Amino acid sequence: MSKFKEDIQDALSCIQSGQTILVGGFGLVGAPLTLIDGLIQKDVKDLTIVSNNLGESGKGLGALLNQNKIKKGIGSYFTSNRDVGDKYQKGEIELELLPQGTLSESIRAGGAGLGGYYTTTGVGTDLAIGKEEREIDGVKYIFEKSIFADVALIRAYKADRLGNLVYYKTARNFNPIMATAAKNVIVEVDEVVEPGELNPEEVITPQIFVNTIVEAKQILTKEGVVSK
Amino acid sequence: MSKFKEDIQDALSCIQSGQTILVGGFGLVGAPLTLIDGLIQKDVKDLTIVSNNLGESGKGLGALLNQNKIKKGIGSYFTSNRDVGDKYQKGEIELELLPQGTLSESIRAGGAGLGGYYTTTGVGTDLAIGKEEREIDGVKYIFEKSIFADVALIRAYKADRLGNLVYYKTARNFNPIMATAAKNVIVEVDEVVEPGELNPEEVITPQIFVNTIVEAKQILTKEGVVSK
Amino acid sequence: MSLIKDKNEMKHLIAKRVAKELKGSLTVNLGIGIPTLVPEYLESDDIQLHTENGLLGVTDVAEEDIDPNLVNAGKLPVGESIGASYFNSSDSFAMIRGGHVDVAILGALQVDQTGIIANWAVPGKNIMGVGGAMDLLVGAKKVIVTMSHTSKDGSSKILKKCTYPITSTRSVDMIITELAVFKVVDKQLQLVELMPGSTLKEVEEKTEANFTYVEE
Amino acid sequence: MSLIKDKNEMKHLIAKRVAKELKGSLTVNLGIGIPTLVPEYLESDDIQLHTENGLLGVTDVAEEDIDPNLVNAGKLPVGESIGASYFNSSDSFAMIRGGHVDVAILGALQVDQTGIIANWAVPGKNIMGVGGAMDLLVGAKKVIVTMSHTSKDGSSKILKKCTYPITSTRSVDMIITELAVFKVVDKQLQLVELMPGSTLKEVEEKTEANFTYVEE
């Protein structure tokens with residue numbers, strides 16, 4: 001069975017208004033720009049987006065933001081897009097700020113079926129307000145809940161038709177953990193290969209996590225994002 | 001700087017009586033048989049060994065067990081070595097039994113600097129006795145503490161001299177997570193290569209985790225364990 | 001009276017019946033014992049076998065290709081399929097506990113009439129091993145139990161209540177023995193099929209648990 | 001009076017001084033800003049640079065070799081060293097939080113006289129980004145803060161108490177500005193070195209925090 005789909009809207013058909021969507025990438029690097037573009041074309045609203053950033057101004061998730069489709073953003077560094085601050089000031093978006101390690105760990109925990117965990121990160125800071133504090137073996141920790149979403153939109157380098165994935169350099173970032181933490185996982189890739197072409201020792205995301213594969217048509221280059 | 005050491009006892013010089021030691025492997029598969037053999041030669045006692053099994057009868061950690069050097073075993077499946085049961089009956093060893101997923105997750109949590117986590121595994125069973133139960137979003141979980149040790153003895157396939165590691169087939173198992181969860185991490189490998197010979201995309205254990213590398217001299221073959 | 005001649009035949013009969021449940025594209029984890037015989041009878045090409053020691057894409061292996069470093073959770077030699085992948089133990093159990101494995105096929109010592117199983121410890125004996133059983137019970141989307149219907153002494157293993165320590169508070173979905181196939185629906189046992197040569201009377205005699213008979 | 005002509009020169013002066021602290025075999029995480037200039041001045045060949053977006057073994061990159069998919073935490077193009085490795089974000093922060101990174105070099109908005117820093121939020125402005133700062137503060141074995149000694153308006157950034165939200169309850173180990181090098185010992189600031197052209201009098205005038213002067 002091949003998980004490859006030609007049509008982007010077909011691949012995104014599981015997405016509905018009000019859902020929580022994980023979106024891979026560190027800024028635009030490793031972001032699923034083709035799938036985000038598909039989301040921009042699609043008639044949905046009230047999305048909760050979990051992503052390290054909300055893109056850059058007008059680019060990537062930044063374009064989705066400007067369509068007012070994002071009800072809430074959960075991330076670690078919204079500063080990379082000044083529009084986020086403007087919308088927040090106007091009360092047009094809710095934001096939940098998490099330390100980057102907590103964001104990534106909560107997503108991993110969600111994918112691993114854990115309810116939550118205790119971390120030292122953030123203890124005694126404003127980001128710990130309202131969070132349970134607990135001392136374990138003399139060290140203070142705060143409780144963080146896991147994150148599990150309806151959909152994950154991620155980017156990889158190569159996929160075989162079964163859905164095994166490998167990544168490319170620092171475009172890996174949040175993508176492999178997001179692949180584990182959503183009911184529907186949709187990946188865009190530069191290249192689709194036959195099963196057997198990826199070395200089983202080198203597969204980063206086993207196919208068990210992947211529902212749908214599409215070909216990347218928006219590519220990040222030195223000159224910015226270009227359409228393929 | 002090369003982390004390679006020729007002499008096994010030199011590599012094991014950090015180990016002292018009373019310490020907690022993680023030992024990789026699933027039964028004998030992926031177990032650091034050379035380092036275990038070194039531990040058998042070494043004058044230490046009262047060790048707490050964290051390992052999925054305590055080897056097989058008289059083999060691997062089973063030989064260390066028979067020397068009465070193990071005060072406590074923490075693992076998920078001691079059944080593979082009948083000597084463990086005999087010693088437990090006689091009160092010669094303490095045992096802590098954990099579900100395999102909890103054992104592996106606690107080790108990973110220790111390496112990741114977490115204090116503990118909530119898992120569904122074991123809820124309502126005898127292995128949850130004495131453990132905190134907590135409901136999160138309507139699901140029952142129990143609290144499990146993380147595990148962090150003094151030393152980890154692990155096995156990999158190849159290391160570069162910096163300590164980057166790759167593994168071989170199902171001999172990977174607990175080794176990569178144990179590499180993250182001890183103050184001193186000692187690895188035995190089939191082959192030591194120069195930095196640059198391992199593809200950065202395919203490194204499983206980054207060198208940051210590894211303190212010492214030795215060459216494997218006890219090898220698991222179809223015919224059993226042989227000395228190289 | 002069942003027509004089964006020996007224990008081996010019984011195991012294969014059960015494994016063959018389990019295989020009929022595995023249709024379409026599924027990821028399946030196989031426990032030790034009877035479950036390991038299931039692949040011989042699989043009809044779908046699209047079943048991916050998961051073993052919790054770190055491999056997705058388990059296959060049989062020919063004697064001459066045995067690799068001592070390539071084994072399943074029962075430490076028996078296996079092969080790797082085209083499109084397989086290796087991972088560490090915590091990632092493997094993240095797959096299981098996180099709900100990514102479709103079906104787990106497990107052995108059991110006892111099952112009760114609500115579908116709760118006991119398969120890791122016997123009172124009075126040392127509690128020595130649990131392995132991945134508890135993780136699979138909480139994590140797999142569907143759990144099928146395979147076992148002989150009765151103990152060596154002829155007593156029922158399908159009980160009103162387990163006398164051995166339970167593995168999970170989660171009920172399994174299906175129980176397949178050499179005599180019968182039960183489904184667990186709303187925490188109640190439904191006998192849905194008699195195995196070849198078995199009769200309703202025999203199943204009733206050899207089952208302590210309450211169950212209903214639903215012809216499907 | 002400091003002899004520094006411009007901001008760029010100040011940054012390089014600080015970066016050069018930081019580099020002197022990095023001896024032997026170390027894993028070092030570099031924050032955004034001044035810390036990214038440190039590699040130019042490293043003397044040890046055995047420093048491995050970590051960037052939290054998923055690379056151990058960061059190097060400089062020549063203009064013609066820039067790869068848009070190979071960047072540091074500041075999203076600036078970098079190269080990969082011989083012996084480098086890539087990993088995902090949760091594994092990267094497991095390294096940081098788990099205490100596997102030897103040194104973190106960070107910028108700060110304010111430091112107090114116990115070595116507590118504030119570097120992620122300004123009251124009255126939207127709290128918009130924290131990134132990896134809190135993780136590095138709790139996880140790195142040693143933390144060195146680099147910053148200009150005073151704000152644009154000339155006011156001290158080394159205060160009795162931070163007025164901005166703190167990043168962690170953990171004190172940093174060292175503060176390096178264009179005027180002075182402080183060590184934090186037992187939650188107290190020790191001025192251990194005056195930077196070129198700086199005087200004790202100038203440091204005293206421009207530092208609100210209490211500190212002792214310890215000639216090393």
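Chain identifiers are assigned alphabetically (A, B, ...) following the order of the sequence lines, protein sequences preceding nucleic acid strands; residue numbering begins at 1 within each chain. Bear in mind the structure is a predicted one, so any value in this text is a computation, not a measurement.
- At a heavy-atom separation below 4.5 angstrom, chain C is approached by no residue within residues 178-185 of chain B.
- No other option in C:Thr51, C:Leu55, C:Asp67 has as many heavy-atom pairs under 4.5 Å with chain B as C:Asp67.
- In this structure, the portion of C:Val138 lying under 4.5 Å from any heavy atom of chain B is its side chain and not its backbone.
- Between B:Glu94 and B:Thr48 the shortest side-chain heavy-atom distance does not fall below 4.5 Å.
- Counting only heavy atoms from C-beta outward, the side chains of C:Met147 and C:Val111 approach each other to under 4.5 Å.
- For the pair C:Ile158/C:Phe211, no side-chain contact is recorded, criterion being any heavy-atom separation below 4.5 Å from C-beta on.
- Contact of the C:Glu52 side chain with the C:Leu136 side chain is registered, since non-hydrogen atoms from C-beta on lie closer than 4.5 Å.
- Here NZ of C:Lys16 is found 15.5 Å from CD1 of C:Ile34. Values are rounded to the nearest 0.5 Å.
- Ion pairing between C:Asp173 and C:Arg170 holds under the 4.0 Å rule for side-chain N and carboxylate O.
- Remark: the backbone N or O of C:Ala180 is paired with a side-chain donor or acceptor of C:Thr177 at under 3.5 angstrom.
- Side chain of C:Asp102 to backbone of C:Val28: no donor-acceptor contact under 3.5 angstrom is found.
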One pair to check against side chain to side chain contact (heavy atoms under 4.5 Å, CB included): B:Asp160 and B:Glu197. What are the steps and the verdict? CA-CA 7 Å; B:Asp160 68 22; B:Glu197 289 189 45; over 6 Å; no
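- In terms of heavy-atom pairs under 4.5 Å with chain C, the best-connected choice from B:Ser106, B:Ala171, B:Pro99 is B:Pro99.
- Within residues 75-97 of chain C, the residues that have a heavy atom under 4.5 Å from a heavy atom of chain B are C:Lys75, C:Glu80, C:Tyr86, C:Phe87, C:Asn88, C:Ser89, C:Ser90, C:Phe93, C:Arg97, listed by number.
- For B:Asn52, no part lies near chain C; criterion is any non-hydrogen pair under 4.5 Å.
- Between the B:Glu144 side chain and the B:Thr102 main chain, no donor and acceptor come within less than 3.5 Å of each other.
- Neither the backbone nor the side chain of B:Ile204 comes within contact range of chain C; no heavy atom of the residue lies under 4.5 Å from a heavy atom of that chain.
- The contact between C:Ser168 and chain B is made entirely by backbone atoms, counting heavy-atom distances below 4.5 Å.
- Counting heavy atoms from C-beta on, the side chains of C:Thr212 and C:Gln188 never come closer than 4.5 Å.
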As a quick check of understanding, evaluate side chain to side chain contact (heavy atoms under 4.5 Å, CB included) for C:His50 and C:His100, giving each step before the final call. CA-CA 11 Å; C:His50 175 272; C:His100 307 287; over 6 Å; no
Would you please test B:Tyr167 and B:Asn175 for side chain to side chain contact (heavy atoms under 4.5 Å, CB included) and show each step? CA-CA 9 Å; B:Tyr167 299 84; B:Asn175 289 298; 3.5 Å; yes
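- In terms of heavy-atom pairs under 4.5 angstrom with chain B, the leader among C:Thr167, C:Ile166, C:Val71 is C:Val71.
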